Amino acid sequence: MCLGIPGQVLKIRDDAGLRMATVDFGGVRREVCLDYTPGAGVGTYVIVHVGFAITEVDEAEARRTLDVLRAMADAVETELGEPLP
């Protein structure tokens, strides 16, 4: 199964020419590549798939999706490597 998980961009940095960010997925933080979402900034919610932000999403939609994913705990744990808090 492939999941795109919403998260909020906390910090952005340059890593050898790649826009990288620390993204918070409702308590779980991961490093994510922002190169496919050049408009994303700190505070922006993005959909992340296999370490790449693939699109921006508004906060309300991100929260609704995280609520659904919490209900699907096994799928999220498989994708992130740990459960959402």
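Nothing here was measured: the structure is a model prediction, and the numbers come from that model.
- Side-chain contact check for Q8 and T44: no donor-acceptor pair (N or O, by modelled atom type) lies under 3.5 Å.
- Here CD1 of I5 is found 10.0 Å from NE2 of H49. Values are rounded to the nearest 0.5 Å.
- No continuous path of hydrophobic side-chain contacts links V48 to L18 [ILVMFWY only; heavy atoms under 4.5 Å].
- Taking 4.5 Å as the limit, some side-chain heavy atom of L66 sits within range of a side-chain heavy atom of P6.
- Cluster membership check: M20 does not share its hydrophobic cluster with F52, using side-chain heavy-atom separations under 4.5 Å among Ile, Leu, Val, Met, Phe, Trp and Tyr.
- Ion pairing between a basic and an acidic side chain is recognised when a charged N comes within 4.0 Å of a carboxylate O; R13 and E31 show such pairing.
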Under 3.5 Å, sequence neighbours excluded: what are the donor-acceptor pairs made by side chains of residues 33-41?
unit_1	atom_1	unit_2	atom_2	d
D35	OD1	R19	N	3.0
T37	OG1	L34	O	3.3

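- Within the 3.5 Å criterion, the main-chain N or O of G17 finds a donor-acceptor partner in the side chain of D14.
- In the hydrophobic cluster analysis, where Ile, Leu, Val, Met, Phe, Trp and Tyr join through side-chain heavy atoms closer than 4.5 angstrom, I54 is grouped apart from I12.
- V57 and A62 make their closest contact through CG1-CB, 4.2 Å (heavy atoms, listed as atom of the first residue, atom of the second, distance).
- Rounding to the nearest 0.5 angstrom, the gap separating the CD atom in E56 from the OH atom in Y45 is 13.0 Å.
- Rounded to the nearest 0.5 angstrom, R30 CZ and L10 CG are separated by 13.0 Å.
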